[in-house]
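Letters go in sequence order (proteins before strands), and every chain restarts at 1.
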Amino acid sequence: MKNDELFALLRRRGVLWPSAEIYGGTQGLYDYGPLGFSLKRRLEEAWAAWFVGLSHDYHLIEPAEILPEAVVRASGHLENFTDPEVTCDSCHSAFRAETILEKVRPEGVDGLAPEQIAEIVSANHLKCPTCGSLTLSVPRPFNLMFGVDWGVTGKERAYLRPETAQGSYLSFSRMWDVGRRALPLGIAVIGKAYRNEIAPRQVLFRMRAFTQAELQVFFDPAGFAVPFDRVREDSLPVLRVERRERGEETPEMIRADDLVRSGGLPEFYVYHLVHTVRFFRDVLHYPADRIRLYEKSDKERAFYNRIQFDVEVRLDSLGGYKELGAVHYRGDYDLTRHSQGSGKDLSVHPTGREPLLPHVLEMTFGVDRNIWGLADVHLGKEGERTVWKLPSYLAPVAVGVFPLIGKEHGAYALALTDELAGWGIAAQYDDGSSIGKRYARMDEAGAPFCVTVDGETLADGPAKDSVTLRQRDSRAQERVPRSELGNRILSGLRPPRPSRA
RNA sequence: GCGGGCAUAGUGUAGUCUGGUAUCACAUAGGCUUGCCAAGCCUAUAACCCGGGUUCAAAUCCCGGUGCCCGCACCA
């Protein structure tokens, strides 16, 4: 489905819509409706069940969304998110100063004042890349962070967090103290991050407020033991830098142990990469042939990232592979910076070991982007009908409950709806229009089951108190006693956890 | 930010050039009928992105704004 068509469908069904729509909408902000909110909750729960479930020592926390200026200064966001931007006075195109100066000053522009950059531009007669004029302006700072006035005087500054990860780094020493004082230690955060994007685009793909799910694993750089034997035979769809440089776009399947043995990647990294791919493939049910692990080169990744693979999924609505998650090996960059910034020694003393500064492995997941991805991949037309084939534990509605004839079976079906809701099942009663339309509505909302109360349910006989249970994907129906219904539906509603036995 | 395109009920659209009661379908709500996969009939609700201008009269022409789409740039 095309981008527009998919968004129209999601809007019509109340999955999501632009924020402040009655004022014409607000660029880069979206509201989730009933179906979208519920799907998002379940997606977050599935993520947590999987990634936090990887180890007894991985935990969820909820840090604050506002960061004091000292934090973003230490993290590098004040400096790096405030790229000097040069505009062309002729055609008004905008560029990062670093891009303009790339050829004459490969070491970058860090530490240069705007006037110094302007001097270099004029001394080298640098032209506008778009129109070729010699009319590049003096750079002005452009910051992707939202600043907020802080305190009574409003003179102090704070910032909305541009990524959730910072809260995990800030909480690390507290988590060390309240925990087992052992490495590895994983800290997971699910929450909003905010970026004042220049050009928000493609609905949920570049938003100004978005939800991230991130797991930061702190580990001893001298050794991070993982049960690698359990993943060594998995094959991963990787597109490595050398292959990309040959012009290849498609990934090749490489076994996990080969990625370690001849691929030069550490076991702990590949182990988590395998589990990340399993999550996308086995939990979210993205088709295996749509998933690609895209390795970022030295130039493409942030300087502190030692290894970076983006998890990409091919989406028809956006015409190609899109980044839906990533696995970063960040070294000790974050704790070093915050040790310096705070003046507090963040190194730890594991029992029987010398003090050390842990390294960080980061797994990031774009929650909103994956809601779009799940719609792109699983929501589609099958002949006349539109079906959203969500994994059952993600479906916002688990079961639709219908009376075959409203007047005769309505009361029974309503009572049954309440009973199922009491089991914690998202059950939705519908007696509108015809039975066929009710099935169609539920297919579109992604409900894995529909239950219909009919004459046999009420009549004395062998089928008394049984109903028909209809499966979304196969459309097959079977007769099920009311007493078994709760368990039948409930069994598919728990998201999978990784096996770690 | 730049260039191009677009904006009409919940959704998709006709009408815009050539100003004069805004078209159709689906969806939604109610009724009759039917009774296990979007059936049929009747009824109802429902729209010209916002602001200004020209005109007796603006969805239509003019100016300004906002939003969306595509490409470029940006996305440590």
Side-chain angles (χ1 to χ4, degrees), chain A residues 2-5 7-14 17-29 72 75-83 85-88 90-100 108 110 128-131 137 142-145 162-163 195-203 205-208 210 296 299-305 308 317-319 323 328 330 333 382-387 400 402-409 431-444 450-456 467-472 474-477 479:
Chain A
K2 278 299 299 172
N3 195 4
D4 287 1
E5 192 185 353
F7 188 39
L9 179 57
L10 295 176
R11 225 173 22 215
R12 179 167 59 77
R13 287 305 312 240
W17 52 77
S19 289
E21 208 175 1
I22 59 170
Y23 285 91
T26 310
Q27 244 186 336
L29 298 178
V72 294
S75 70
H77 285 96
L78 204 55
E79 188 185 326
N80 293 318
F81 258 50
T82 314
D83 284 336
E85 188 175 76
V86 178
T87 54
C88 172
S90 297
C91 69
H92 305 291
S93 299
F95 311 92
R96 290 173 58 214
E98 195 173 333
T99 312
I100 298 285
D110 289 356
C128 169
T130 301
C131 69
S137 69
F142 179 81
N143 197 312
L144 254 51
M145 285 193 295
E163 61 177 17
R195 295 182 188 178
N196 192 10
E197 295 285 357
I198 300 170
R201 284 279 172 89
Q202 298 181 318
V203 196
F205 265 76
R206 200 179 312 158
M207 301 198 290
R208 290 198 163 117
F210 56 101
K296 288 293 181 80
K299 281 194 172 175
E300 291 167 326
R301 61 180 188 259
F303 67 91
Y304 48 77
N305 273 337
Q308 174 176 353
S317 63
L318 299 175
E323 177 194 350
H328 305 143
R330 299 173 66 120
Y333 173 79
E382 282 188 1
E384 282 284 289
R385 67 183 200 136
T386 304
V387 200
F402 316 140
L404 188 59
I405 303 170
K407 283 174 193 155
E408 293 175 29
H409 313 125
D431 61 6
S433 52
S434 69
I435 190 82
K437 283 191 184 174
R438 294 176 216 156
Y439 284 135
R441 274 196 282 259
M442 285 299 152
D443 285 343
E444 215 173 66
C450 290
V451 159
T452 300
V453 174
D454 58 18
E456 291 181 57
V467 294
T468 59
L469 181 68
R470 179 256 198 190
Q471 312 254 1
R472 177 193 63 202
S474 64
R475 303 207 286 171
Q477 287 188 51
R479 198 125 203 125

Mapping A/Arg301 and A/Gly436 onto RNA chain B by nearest heavy atom, which one lands closer to the 5' end?
-> A/Gly436
Distance between C1' atoms of B/U33 and B/A39 (Å, rounded) | 11 Å
d(CD, A/Gln27; C1', B/G65) in whole Å | 14 Å
Considering only B/U11, B/A38, B/C36, which nucleotide approaches the side chain of A/Glu444 most closely?
-> B/A38
Pairing partner of B/A76 (Watson-Crick or G-U wobble, both distances under 3.5 Å) | none
For atom CE of A/Met442 and atom C1' of B/C36, their distance in whole Å = 15 Å
Counting any heavy atom closer than 4.0 Å, what does A/Tyr304 reach on the DNA or RNA strands: base, sugar-phosphate only, or nothing?
-> base
Just checking A/Glu163: base, sugar-phosphate only, or nothing, at a heavy-atom cut-off of under 4.0 Å?
-> base
Euclidean distance for P, B/C49 against B/U45 (whole angstrom) = 22 Å
Is any side-chain heavy atom of A/Tyr439 less than 4.5 Å from a side-chain heavy atom of A/Arg472?
-> no
Looking only at side-chain atoms of A/Arg206, point me to the closest of B/C75, B/G67, B/C32.
-> B/C75
Taking a pair to mean Watson-Crick or G-U wobble geometry with both distances below 3.5 Å, B/C41 pairs with B/G31
Heavy-atom side-chain proximity of A/Arg195 to A/Phe210 below 4.5 angstrom = yes
Expressed in whole Å, how much space separates the P atoms belonging to B/A25 and B/C69?
-> 31 Å
Between the side-chain atoms of A/Glu197 and the base atoms of B/C75, is any donor-acceptor pair under 3.5 Å?
-> no
What is the distance, rounded to the nearest whole Å, between atom CD of A/Glu5 and atom C1' of B/U13?
-> 14 Å
Taking the side chain as every heavy atom from C-beta outward, state whether A/Pro403 and A/Arg438 have any pair of such atoms under 4.5 Å apart.
-> yes
B/A57 versus B/U18 - spacing of their C1' atoms, nearest Å = 16 Å
Please state how far atom OH in A/Tyr439 lies from atom P in B/G35, giving the value in whole angstrom units.
-> 16 Å
Rounded to the nearest Å, what distance is computed from the CZ atom of residue A/Arg438 to the C1' atom of nucleotide B/C37?
-> 11 Å
Taking for each residue the nucleotide of RNA chain B bearing the nearest heavy atom, is the 5' side occupied by A/Ser317 or by A/Val467?
-> A/Val467
Would you sort out whether A/Lys296 and A/Asn305 count as a side-chain contact (heavy atoms from CB on, under 4.5 Å), showing the intermediate values?
-> CA-CA 10 Å; A/Lys296 288 293 181 80; A/Asn305 273 337; over 6 Å; no
Is there a side-chain polar atom (N or O) of A/Ser434 under 4.0 Å from OP1 or OP2 of B/A39?
-> yes
Are any of A/Asn196's side-chain N or O atoms less than 4.0 Å away from OP1 or OP2 of B/C75?
-> no
Report which part of the nucleic acid A/Ile405 touches: base, sugar-phosphate, or nothing (heavy-atom distance under 4.0 Å, all strands).
-> base
Distance, C1' atom - from B/C68 to B/A27, rounded to whole angstrom | 23 Å
Expressed as a whole number of Å, how far does the C1' atom of B/C48 sit from that of B/A58?
-> 11 Å
Touch check for A/Asp454, heavy atoms < 4.0 angstrom, all strands: base, sugar-phosphate only, or nothing?
-> base
Pairing partner of B/G71, by Watson-Crick or G-U wobble and under 3.5 Å for both distances, is B/C2
Rounded off to whole Å, could you give me the CZ-to-P distance for the A/Arg201 and B/C70 pair?
-> 7 Å
Applying a 3.5 Å limit to both distances, which nucleotide forms a Watson-Crick or G-U wobble pair with B/U21?
-> none
Which word best sums up how the rings of A/Tyr333 and A/Phe303 line up, parallel for under 30°, tilted for 30 to 60°, or perpendicular for over 60°?
-> perpendicular
Does some side-chain heavy atom of A/Thr452 sit less than 4.5 Å from a side-chain heavy atom of A/Val467?
-> no
Listed nucleotide nearest any side-chain atom of A/Ala8, set B/U11, B/G35, B/A76 = B/U11
For B/U60, the Watson-Crick or wobble counterpart (both distances under 3.5 Å) | none
Nucleotide forming a Watson-Crick or wobble pair with B/C26, both distances under 3.5 Å = B/G10
Side-chain touch A/Gln471/A/Cys450, heavy atoms, less than 4.5 angstrom = no
Side chain proximity check, A/Met145 to A/Val72, heavy atoms < 4.5 angstrom | yes
Within this structure, what is the NZ-to-P distance between A/Lys2 and B/G12, rounded to whole angstrom?
-> 15 Å
Candidate nucleotides B/A38, B/C36, B/C37, ranked by approach to the side chain of A/Thr386 - the nearest | B/A38
Report all interatomic pairs (protein N or O, nucleotide N or O of nucleotides 23-28 of chain B) with separations under 3.5 Å.
unit_1, atom_1, unit_2, atom_2, d
B/U28, OP1, A/Arg441, NH1, 2.2

How long is the line joining NE2 of A/His409 and P of B/G35, in whole Å?
-> 12 Å
Take atom C1' in B/A44 and the same atom in B/A9, then report the distance between them in whole Å.
-> 14 Å
Check for a donor-acceptor pair, side chain of A/Arg208 on one end and backbone N or O of A/Gln27 on the other, with a separation under 3.5 Å.
-> yes
Pair A/Asp443 + A/Arg470: basic N to acidic O under 4.0 Å | yes
C1' atom, B/G10 versus B/G19: distance in rounded Å?
-> 30 Å
